[in-house]
Number of protein chains: 2
Amino acid sequence: MKETAKLFKALSEEVRLRVLGLLCHGELCVCDLMEVLDLPQSTISRHLSYLANAGWISGERRGVWMYYRFREDGGDLQQEMLAVLSRHLAVLPAVARDHERLAQYLKTRRPCACC
Amino acid sequence: MKETAKLFKALSEEVRLRVLGLLCHGELCVCDLMEVLDLPQSTISRHLSYLANAGWISGERRGVWMYYRFREDGGDLQQEMLAVLSRHLAVLPAVARDHERLAQYLKTRRPCACC
DNA sequence: GACACATATCCGCCTATGCGGATATATAGT
DNA sequence: ACTATATATCCGCATAGGCGGATATGTGTC
């Protein structure tokens, strides 16, 4: 029950919804998100921790970078919620704008040793 | 976007999840919920206001009583979320216990003029 | 080890919101 | 109008959590 509430609480904040919207495209590191969302590093990192703690995402270190992506091993509720959520985030104007910014950003991203 | 976050925020609290679990059975008034959840009236009323404000439920006055039920006219996200949610709430032990208490309570509920 | 870079955490500040008793309001019955 | 009942709102208090700059930690390079 507490876990269920926690799962929803993680979705109750605009920045976190935008982060999840972007992660629908695939894994991203903190600095990618900073660039696209135009928010300070501490803010991004804090929200990522929150999402990870709630069980939505997990991070993997590759060199200096931490890459975050959706977890595939969540419970039933989480899996079904993710399906509903990803479909609906795509419709939100703010998320669509973020997607465009991401596409633009990926074109010019400086080369990265690990990917 | 703010609306989406608000919808989830309403689901981020245990008492509210329990209330929604009970409302899956059909409409209930504040005093029904007080009895079944064994919480003070101000607490129940506050959470119901919160849920109504987020768009999950609506209240209808019948005499002295306010009956609350799920809204049927929510957006796509809300409808799909409700389907997922109701299925999963039923599985939670705390919600199952509440259902039993509700069944017990309904047997002895004193007659009500309006229903 | 010194440095640069990416990330996590700490800090003080502020707002939102939880709680439950007390009070205000609305309605029905007499 | 008075009373009883149901509900909503107010109040003070406590905690959670948002923010972003500052600092600490981890990692690769030289």
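Throughout, protein chains are lettered first and strands after them, A, B, ... in sequence-line order, and every chain is numbered starting at 1. Note: hydrogens, waters and symmetry copies are ignored here, and every other heavy atom, side chains too, is used.
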Presence of salt bridge, E27(A) and R62(A), under 4.0 angstrom: yes

R69(B) with E60(B): basic N within carboxylate O range, under 4.0 Å: yes

So, does the side chain of R16(A) form a donor-acceptor pair with the base of dG18(D) at under 3.5 Å? no

With a 3.5 Å cut-off and heavy atoms only, can you find an N or O donor on one side and an acceptor on the other between the side chain of Q41(B) and the base of dA8(D)? yes

Just checking R61(A): base, sugar-phosphate only, or nothing, at a heavy-atom cut-off of under 4.0 Å? sugar-phosphate

Listed nucleotide nearest any side-chain atom of [X], set [options]:
X      : options                  : result
V64(A) : dC19(C), dC5(C), dA8(D)  : dC5(C)
P40(B) : dA8(D), dA8(C), dG21(C)  : dG21(C)
K9(B)  : dT7(D), dA16(C), dC19(C) : dA16(C)
S42(B) : dT9(D), dT9(C), dC19(D)  : dT9(D)
S49(B) : dT9(D), dT7(C), dT17(C)  : dT9(D)
W65(A) : dC19(C), dA6(C), dG18(C) : dA6(C)
C31(A) : dT7(C), dC19(C), dG21(C) : dT7(C)

Flag this pair as yes if the NZ/CZ of R61(A) is under 6.0 angstrom from the six-membered ring centre of Y67(A) and inside a 45 degree cone about the axis; otherwise no. no

Donor-acceptor pair, R101(A) side chain versus V36(A) backbone, under 3.5 Å? yes

